[in-house]
Q: 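Below you'll find the structure I mean.
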Number of protein chains: 2
Amino acid sequence: MQSEQEILRQYLKENGLRRTPEREHILQEIFATHEHFDVDELYLRLCQKGVKISKASIYRALRLFLDCGLIREVDFSDGHWHFEHIYGHNQHAHLRCLGCGEIVEFEDPNLTLLQGQLGRDYHYQIVSCHLEVKGYCATCGKTREKSL
Amino acid sequence: MQSEQEILRQYLKENGLRRTPEREHILQEIFATHEHFDVDELYLRLCQKGVKISKASIYRALRLFLDCGLIREVDFSDGHWHFEHIYGHNQHAHLRCLGCGEIVEFEDPNLTLLQGQLGRDYHYQIVSCHLEVKGYCATCGKTREKSL
DNA sequence: AAATTATTGCAACCGAGTCGCAATAAAGAT
DNA sequence: ATCTTTATTGCGACTCGGTTGCAATAATTT
């Protein structure tokens, strides 16, 4: 099992791209936690650690990481991009509270089954599978009931 | 079973909002097909039918239709919003080809089951459930194999 | 060490979506 | 029917996430 750094370096070499400290800093920061992140958060975290880097470079690096399959987009329908790193993560989906924004990650074995089934039924080679469920958590649900 | 027009009118009345020809034109155009759409497409279709309307009003109307549950967002991760009308549509998910852009809609009874289960497990009141699967269709998959 | 060229940071730019405002027009009251 | 109230419209200006052109920098190859 390769580390994410090794995967990146291999991808760079195979595509005639260059290994730079910026890219490695960004990658390291992404894999420092298992949280979802967006560009601003990532930028802030890097600044706080004293890493000087421009947002443009972060955007460019993220596109690169998407291409080599180290991260993936997560849709929170709030008008900007969110990401999560994939490597070492299991297939999982999100349950998000429309009230407080809490995010529950859950795994569903059926999802894996469904992927295989879809692939066969429609002769598709599946690349990604995103399940985003929205609703109200117990607390927010109760608050809502009162105000309706 | 009410028509979508009736649902809209009821919602407007209940919320002290007004019934306008613009809103009804937009709604009618949305339900004229069962296709997904984005703002530009919708705007174009309305223009072609001789309906004079501004994009700002379309954006505002769509937010309204989202609120009253007549349409929902679909995430194609291409940087802008897509929608589909819900009313009269069954719960369904999308399988999209990353090569040619073909979109297959499919229904999965397991999704409905999963919703109920999630609601119970996490004490969530589920509002929406989006499954977006991406991959390569048979044709594009073959083309890709050759070029790799 | 020199040559080549990918990458960076900056700032200008792009475009989807929003918003303030004056003009218009629904809906209810008289 | 007319008046009053106020939601809605269209316009254009604006916001802001994300992209891009370019000159300077720096990673790799020879």
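So you know, we letter chains A, B, ... as the sequences are listed, proteins then strands, and number each from 1. As the structure is a prediction and not an experimental result, all values here were calculated from the model.
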Q: How far apart are the C-alpha atoms of A:F83 and A:H36, what are their side-chain angles, what is the distance that settles it, and do they pass the side-chain contact (heavy atoms from CB on, under 4.5 Å) test?
A: CA-CA 6 Å; A:F83 304 89; A:H36 312 109; over 6 Å; no

Q: Decide yes or no on salt bridge (charged side-chain N to carboxylate O under 4.0 Å, His left out) for B:R96 and B:E132, but give the supporting numbers first.
A: CA-CA 8 Å; B:R96 197 159 68 101; B:E132 300 290 334; 5.9 Å; no

Q: Whole angstrom is fine here: how far is it from CZ in A:R23 over to C1' in C:dG9?
A: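 Interatomic distance, CZ of A:R23 to C1' of C:dG9: 14 Å.
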
Q: At their closest point, which heavy atom of A:R18 faces which heavy atom of A:L12, and how far apart are they?
A: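 In this case the closest contact between A:R18 and A:L12 is O-CD1, 3.7 Å.
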
Q: Base of C:dG17, side chain of B:R60 - is there a donor-acceptor contact under 3.5 Å?
A: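 No, the side chain and the base share no sub-3.5 Å donor-acceptor pair.
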
Q: In this structure, how many angstroms lie between the C1' atom of D:dG18 and the CG atom of A:D78, rounded?
A: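 Going from A:D78 (CG) to D:dG18 (C1'), I get 14 Å.
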
Q: Got a sec? Which of residues 13-21 of chain B come in under 4.0 Å of DNA chain C, heavy atoms?
A: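 Those residues whose heavy atoms fall under 4.0 Å from DNA chain C, taken from residues 13-21 of chain B in numerical order, are B:R18, B:R19.
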
Q: Determine whether the side chains of A:Y43 and A:E29 contain a donor N or O and an acceptor N or O closer than 3.5 Å.
A: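 Result is no, nothing qualifies.
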
Q: Nearest-Å distance, CD1 (B:I58) to P (C:dG17)?
A: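 That distance rounds to 12 Å.
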
Q: Between B:H80 and A:S54, which has a closest nucleotide on DNA chain C that is more 5'?
A: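 Of the two residues, A:S54 wins.
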
Q: Decide whether B:E24 and B:Q28 meet the rule of one side-chain donor and one side-chain acceptor closer than 3.5 Å.
A: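 B:E24 vs B:Q28: no donor-acceptor pair found between side chains.
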
Q: What class does the angle between the rings of B:F76 and B:H82 fall in, given that below 30° is parallel, 30 to 60° is tilted and above 60° is perpendicular?
A: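 Answer is tilted, since the angle falls between 30° and 60°.
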
Q: Given C:dG17, is OP1 or OP2 found less than 4.0 Å from the side-chain N or O atoms of B:Y59?
A: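 Yes, because at least one side-chain N or O of B:Y59 sits under 4.0 Å from OP1 or OP2 of C:dG17.
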
Q: D:dC11 C1' sits how many Å from B:Y43 OH, rounded?
A: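 That distance rounds to 11 Å.
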
Q: If you only use heavy atoms from C-beta on, which nucleotide in C:dC10, C:dT7, C:dG17 is closest to the side chain of B:W81?
A: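 For B:W81, the side-chain atoms sit closest to C:dG17.
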
Q: Between A:L17 and A:L66, is there shared hydrophobic-cluster membership here, with clusters defined by ILVMFWY side-chain heavy atoms closer than 4.5 Å?
A: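 Both belong to a single hydrophobic cluster.
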
Q: How many whole angstroms separate atom CD1 of A:I53 from atom C1' of C:dC10?
A: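 Distance check: A:I53 CD1 to C:dC10 C1' gives 14 Å.
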
Q: Heavy atoms under 4.0 Å, any strand shown: does A:K52 hit a base, just sugar-phosphate, or nothing?
A: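 If one applies the 4.0 Å heavy-atom cut-off, A:K52 turns out to touch the sugar-phosphate alone, with no base involved.
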
Q: Grab the CD-C1' distance between B:E24 and C:dA25 for me, whole Å please.
A: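 Atom CD in B:E24 sits about 15 Å away from atom C1' in C:dA25.
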
Q: Whole Å only: how far is the CG atom of A:D75 from the P atom of D:dG17?
A: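 Result: 17 Å.
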
Q: Starting from P on D:dT6, measure out to CG on B:L12 and report it in whole angstrom.
A: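 For the pair B:L12 CG and D:dT6 P, the rounded distance is 18 Å.
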
Q: Of B:V39 and A:K55, whose closest DNA chain C nucleotide lies nearer the 5' terminus?
A: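 Whichever sits nearer the 5' end wins; that is A:K55.
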
